[in-house]
Amino acid sequence: MNTPSSNSYDAIVLGAGAAGMMCAFTAGQRGRKVLLIDHADEPGKKILISGGGRCNFTNLHTPPERYLSANPHFAKSALRRFAPEDFIALVDRHRISWHEKGLGQLFCDGSARQIVTMLLAECAKGNVETRFGHSVCELEHADGMYRLSCGNETVTAPALVIATGGLSIPKMGATGFAYDLARKFGLAVLAPRPALVPLTLGKDEMLFQSLSGVSADVVARAGTVKFREAALFTHKGLSGPAVLQISSYWTPGEEIAIDFLPHSGSAWLIEAKRKQPRSQLRSVLAHALPARLAEALAERTGVRGELANTPDRMLDHAQRLLSDWRFRPTGTEGFARAEVTAGGISTDELSSQTMQARNVSGLYAIGEAVDVTGWLGGYNFQWAWASGWAAGHAL
Ligand SMILES: Cc1cc2nc3c(=O)[nH]c(=O)nc-3n(C[C@H](O)[C@H](O)[C@H](O)COP(=O)(O)OP(=O)(O)OC[C@H]3O[C@@H](n4cnc5c(N)ncnc54)[C@H](O)[C@@H]3O)c2cc1C
């Protein structure tokens, strides 16, 4: 514990997002003197815009397989020690009402601001000092102490927590600060890349671009990974939960496959021909898909005229095409539209128990800055809470 001096702390947490606030109050409530710094004028800006303003604050099911990382085992310990039930208990203690929206995703009934207010109240309970709207100008590490100058103030602590997030949504203040800091201390950083991000399509897929605003229940697949959820056509390409999920697994140049008929058996069109021989493909497809999409897909298959006049082998071919529609995205909409950043500070550098750097004493990294990226649906906040809690308990 530090000797009292106004500018010396037990720990300085950089970044007052989900992970930083969780870490700061956990350590503060354990009696540590904590300073929480953010360059933004208010904390938790991403929490405020999350989940369409209602914050999908966790997911009832957070097995480690739903996280991407170069080391798939790294997140296990923290996720086990601070589970969704622990965060739900906190939310309940603050009388924030919530609901499950499907697929285990929990949202506030009211507003995401309730989560930020709760985290700040917990920080106050832990006597966490805060500096918002402050950038760190200089940082030194000597004699076991981190010394930061921030405005015209210099602060010191034996522990420094990097919680400044990833590169997603730069216009909200996201920076590469975590990576620069990590590299400064010799920690490896795995190339950050946009994840949970819309994919863009080239001219060959122009037909799809004319469908902007249409959505459908599909299975999206990249390699062996697949997700069944909604896909949404945009004027640049494809988005919607199924596509955002698959984007995290997609590598540039790779093909994506979409099954537009996940609800239909393999001989669905041939059966339709027997039952509705006078129908055209587009009207049969319109039973399963939005009309505009059905029309566009029917045109792409080349099947015209009544089903009765279409040979079974053509219907079989059309069915296989519609169940395994292949295309190569030209790219993604980048960090400007990515919900998270995959890659980041290598987990090889950190203890999975404490999030402390193995070779730099007193340096910790948590949250999105670390190479752990969750699925869409509350998984990323759960990682932020769990990694923040792990570090907060170790400080
Ligand atoms: C639009 C959108 C919606 C989302 N919705 C959800 C959702 O519903 N559920 C879910 O689980 N996840 C959601 N996410 C992802 C989730 O917001 C992040 O995974 C999570 O916020 C990461 O927490 P963090 O604390 O690591 O980083 P952040 O929340 O990004 O916090 C980092 C903090 O560091 C500060 N900072 C950055 N650089 C500096 C610097 N140089 N100096 C000082 N401070 C700095 C930032 O101002 C920020 O306050 C969403 C993301 C976006 C963009």
Side-chain angles (χ1 to χ4, degrees), residues 12-24 35-59 62 66-67 84 87 98 101 103-108 111-112 115-116 119-120 130-137 139 148 150-151 160-181 194-198 239 241 244 248 333-342 344-345 355 364-389 391:
I12 298 170
V13 179
L14 285 178
M21 284 195 275
M22 171 59 89
C23 174
L35 176 66
L36 176 63
I37 301 176
D38 203 296
H39 68 170
D41 50 8
E42 65 169 326
K45 282 194 172 178
K46 272 197 192 159
I47 300 176
L48 293 175
I49 59 157
S50 68
R54 290 227 159 91
C55 186
N56 177 193
F57 55 80
T58 192
N59 194 294
T62 52
R66 295 186 181 181
Y67 290 85
F87 196 77
W98 50 269
K101 209 173 163 182
L103 302 174
Q105 303 170 5
L106 306 190
F107 288 76
C108 298
S111 132
I115 298 292
V116 176
L119 296 168
L120 284 174
T130 57
R131 304 276 188 283
F132 300 143
H134 282 253
S135 295
V136 174
C137 305
L139 169 62
L148 272 71
C150 164
L160 179 71
V161 183
I162 305 175
T164 51
L167 292 172
S168 319
I169 325 281
K171 74 171 186 220
M172 291 198 60
T175 65
F177 190 68
Y179 314 131
D180 297 343
L181 211 55
L196 298 181
V197 63
S239 184
L244 296 178
S248 301
E333 288 196 36
F335 289 113
R337 295 287 313 281
E339 201 160 288
V340 283
T341 304
I345 299 172
M355 305 294 138
Y364 295 75
I366 57 176
E368 199 177 315
V370 177
D371 172 36
V372 173
T373 306
W375 281 9
L376 185 77
Y379 298 91
N380 285 296
F381 278 137
Q382 189 57 36
W383 167 246
W385 315 134
S387 57
W389 187 92

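Every number for a ligand or one of its atoms is a count from 1 in the order of the listing. Note that the structure is predicted; figures quoted are calculated from it, not measured.
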Interatomic distance, [X] atom [atom1] to [Y] atom [atom2] [nearest 0.5 angstrom]:
X: I37; Y: H134; atom1: CD1; atom2: NE2; answer: 8.5 Å
X: I345; Y: L181; atom1: CD1; atom2: CG; answer: 7.5 Å
X: L35; Y: T130; atom1: CG; atom2: OG1; answer: 8.0 Å
X: E339; Y: T373; atom1: CD; atom2: OG1; answer: 11.5 Å
X: T164; Y: E368; atom1: OG1; atom2: CD; answer: 10.0 Å

Shortest protein contact, [atom] (heavy atom only):
atom: atom 26 (O) of ligand 1; value: E368 N, 2.8 Å
atom: atom 50 (C) of ligand 1; value: E339 CG, 3.2 Å
atom: atom 41 (N) of ligand 1; value: F177 CG, 3.2 Å
atom: atom 35 (C) of ligand 1; value: D38 OD2, 3.2 Å
atom: atom 43 (C) of ligand 1; value: H39 N, 3.2 Å
atom: atom 38 (N) of ligand 1; value: T175 OG1, 2.8 Å
atom: atom 53 (C) of ligand 1; value: I169 CG1, 3.4 Å
atom: atom 28 (P) of ligand 1; value: G17 CA, 4.2 Å

Please list, in number order, the atoms of ligand 1 under 4.0 Å from a heavy atom of [X].
X: N56; result: 7 (C), 8 (O), 9 (N), 10 (C), 11 (O)
X: Y379; result: 11 (O)
X: N380; result: 11 (O), 12 (N), 19 (O)
X: V340; result: 15 (C), 19 (O)
X: G367; result: 26 (O)

Distance-only N or O hit between ligand 1 and [X], under 3.5 Å:
X: Q382; value: no
X: I49; value: no
X: A19; value: yes
X: A40; value: no

Are the side chains of [X] and [Y] in touch, meaning some heavy atoms are under 4.5 Å apart?
X: F132; Y: D41; result: no
X: D38; Y: P43; result: no
X: I169; Y: K45; result: no
X: L14; Y: I162; result: no

Closest to [atom] (judged by heavy-atom distance), picking from [options]:
atom: atom 30 (O) of ligand 1; options: K46, R337, M172; result: K46
atom: atom 13 (C) of ligand 1; options: F381, W375, W385; result: F381
atom: atom 5 (N) of ligand 1; options: S50, A112, A338, C55; result: S50

At the 4.0 Å heavy-atom cut-off, does [X] count as touching ligand 1?
X: V136; answer: no
X: S168; answer: no
X: A163; answer: yes

Review point. Do F381 and W385 have ring centroids that are under 6.0 Å from one another?
Key: yes
Exactly one of N59, T58, T62 clears side-chain hydrogen bond (donor to acceptor under 3.5 Å, both in side chains) with Q382, and that residue is T58
Using side-chain contact (heavy atoms from CB on, under 4.5 Å), reason through W375 and L103 one step at a time and then give a plain yes or no. CA-CA 12 Å; W375 281 9; L103 302 174; over 6 Å; no
Nearest heavy-atom contact between S50 and N56 is OG-N, 4.3 Å
Taken in chain and number order and not counting sequence neighbours, the residues that satisfy side-chain contact (heavy atoms from CB on, under 4.5 Å) with A338 are S168, P194, V197
